[in-house]
Amino acid sequence: MNIDSIFKHNQKSIVDIRKKALIRMEKLDLPNLGKFSLKSFVSKSSKMKNLFLNVSGEIPSEISDFVTEDTSNVLVIKDGNIIYDKLVDMTYSMYINDIETAYEEKPELVLNYFNKEPDCFKENTLTAYNTAYHNSGLLIDIPPNSVFKEEIKIFYIQDNNDFINRTVMRCGKNSKIKIIEFFISKKTSVKNNVTDIMAFANSKVEYTSIDLYEANNKIYTALRINAKANSSVDILRAVLCDANIMADTSIRLLEEGANAEVKVIVIGDGFEKQNINTYTYHEAKNSFSNIINHGIALNKSRIIFNNFGIVANGFSGSKAFQKTKGVILGKTATLAANPFLLIDEHDVEAGHGATIGRIDDEKLFYLMSRGLSKQDAEKLVINGLIRPIIDIFENQKLKECFENLINRKLGN
């Protein structure tokens with residue numbers, strides 16, 4: 001695929017950045033594949049092109065179950081272009097636009113970000129591929145001291161072409177924001193998503209990603225975060241798709257007092273292969289991380305959680321914790337947890353634990369002794385695992401839609 005011809009509309013400086021990423025690909029490692037093969041998550045063939053659509057002003061049919069005309073702070077990107085925008089009183093105090101427009105309106109900011117990317121973020125062959133070929137995405141630039149009380153809901157819809165998405169979010173000092181990204185597609189194609197977040201000093205970021213891809217897709221998705229002094233990053237990744245997916249989360253705690261909590265919820269109800277990698281890099285004193293995984297495996301699905309807590313020498317006072325809870329409901333389903341604590345410092349607190357298996361008989365017996373049927377008792381136990389994703393939604397319609405979606409995946 002020739003970058004010059006595909007992205008001839010980009011300015012030369014952007015094309016050069018794309019070409020440099022291609023060169024880096026040859027030297028970079030693959031992401032951690034666990035016990036899976038690369039072909040489970042990456043398609044060999046791809047059809048790259050750029051489509052330019054007009055803003056419709058109407059809610060796309062793909063998200064009509066989730067959004068009504070009364071739903072505020074919604075942004076919809078379809079095939080790389082913003083087609084629906086209902087951000088109430090937010091665009092006056094932040095910059096938010098599609099990545100192609102940002103190249104024209106904020107060239108210095110975008111170029112500075114991409115030029116520093118190899119040193120600032122953990123790269124692999126698939127994130128470098130994203131840098132080279134991204135044809136969708138957003139730039140979100142939040143000024144210092146900006147506080148947004150209401151969540152921003154961003155829907156990415158892929159329909160007509162391969163989906164290589166890059167979202168860049170800069171959260172200025174003392175800012176506060178809550179972002180929810182939804183990824184939706186019924187089409188079978190290449191899908192590679194990278195979201196990068198820079199959380200500057202004393203900022204507070206609540207970020208949620210929800211994968212809703214349909215079956216027969218192969219997906220690689222990465223969330224990469226840099227957290228500065230006393231910043232707080234609260235992450236929820238909900239893998240609810242019917243497709244094969246590799247989801248990487250990489251967090252660098254760069255300055256003292258930076259902290260991150262990562263919750264991951266995965267539900268496999270068919271033949272999906274789902275490889276979940278979460279990395280927390282402690283690169284400062286008194287930094288904190290906590291990884292919490294919840295998984296439910298039905299039918300013939302395969303779910304693997306790989307957790308990595310890395311504390312380098314000299315960064316005393318750091319705390320790194322990991323915990324995985326998994327329920328296996330299918331006779332041929334598999335769910336596994338692989339915890340890794342790589343610590344080169346004495347003065348730290350760290351720990352990991354995993355509880356995986358079928359629903360505990362004693363717990364079921366207790367609930368049934370209180371008058372519940374076995375099926376209702378199982379639902380109650382599972383509801384305790386999935387409740388975190390439902391409770392994140394402030395909008396009641398969204399909350400009901402996702403409760404129904406999760407229940408359908410669980411066969412309820």
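Keep in mind it's a predicted model, so treat the numbers as computed, not measured.
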Are the side chain of [X] and the backbone of [Y] linked by a donor-acceptor contact shorter than 3.5 Å?
{"X": "Thr332", "Y": "Asn299", "answer": "yes"}
{"X": "Asn217", "Y": "Glu214", "answer": "yes"}
{"X": "Asp29", "Y": "Asn124", "answer": "no"}
{"X": "Asn338", "Y": "Ile304", "answer": "no"}

Going by an N to O cut-off under 4.0 Å, is there a salt bridge joining [X] and [Y]?
{"X": "Lys204", "Y": "Asp234", "result": "no"}
{"X": "Asp196", "Y": "Arg166", "result": "yes"}
{"X": "Lys12", "Y": "Asp16", "result": "yes"}

Exercise for review: Please determine, by modelled atom types, if Thr221 and Arg237 share a side-chain donor-acceptor pair under 3.5 angstrom.
Suggested key: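 Yes - a donor-acceptor pair under 3.5 Å links their side chains.
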Point to revise | Test item: side-chain donor near acceptor, Thr195 and Glu181, under 3.5 Å | key: yes
Point to revise | Qualifying residues under side chain to side chain donor-acceptor pair (under 3.5 Å), relative to Thr68, sequence neighbours excluded | key: Thr71
Check your understanding: Is the NZ or CZ atom of Lys122 positioned over Tyr279's six-membered ring, under 6.0 angstrom from the centre and within 45° of the axis?
Key -> no
Exercise for review: Establish, for the pair Arg170 and Tyr113, whether the NZ or CZ atom is under 6.0 angstrom from the six-membered ring centre and no further than 45 degrees off its axis.
Suggested key: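 Judged by the rule, Arg170 and Tyr113 form no cation-pi pair.
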Review point. For the residue pair Tyr129 and Tyr133, does the interplanar ring angle fall in the parallel (under 30°), tilted (30 to 60°) or perpendicular (over 60°) class?
Key: tilted
Practice item. Give me the ring orientation class for Phe321 and Phe288: parallel if the planes are under 30° apart, tilted from 30 to 60°, perpendicular past 60°. Key: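 Judged by the thresholds at 30° and 60°, the geometry between Phe321 and Phe288 is tilted.
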**Study point:** Criterion side-chain hydrogen bond (donor to acceptor under 3.5 Å, both in side chains) on Thr131 and Glu117, from CA distance to verdict
**Key:** CA-CA 9 Å; Thr131 301; Glu117 180 193 4; 3.0 Å; yes
Review point. With a 6.0 Å cut-off on ring centres, are Phe183 and Tyr156 close enough?
Key: yes
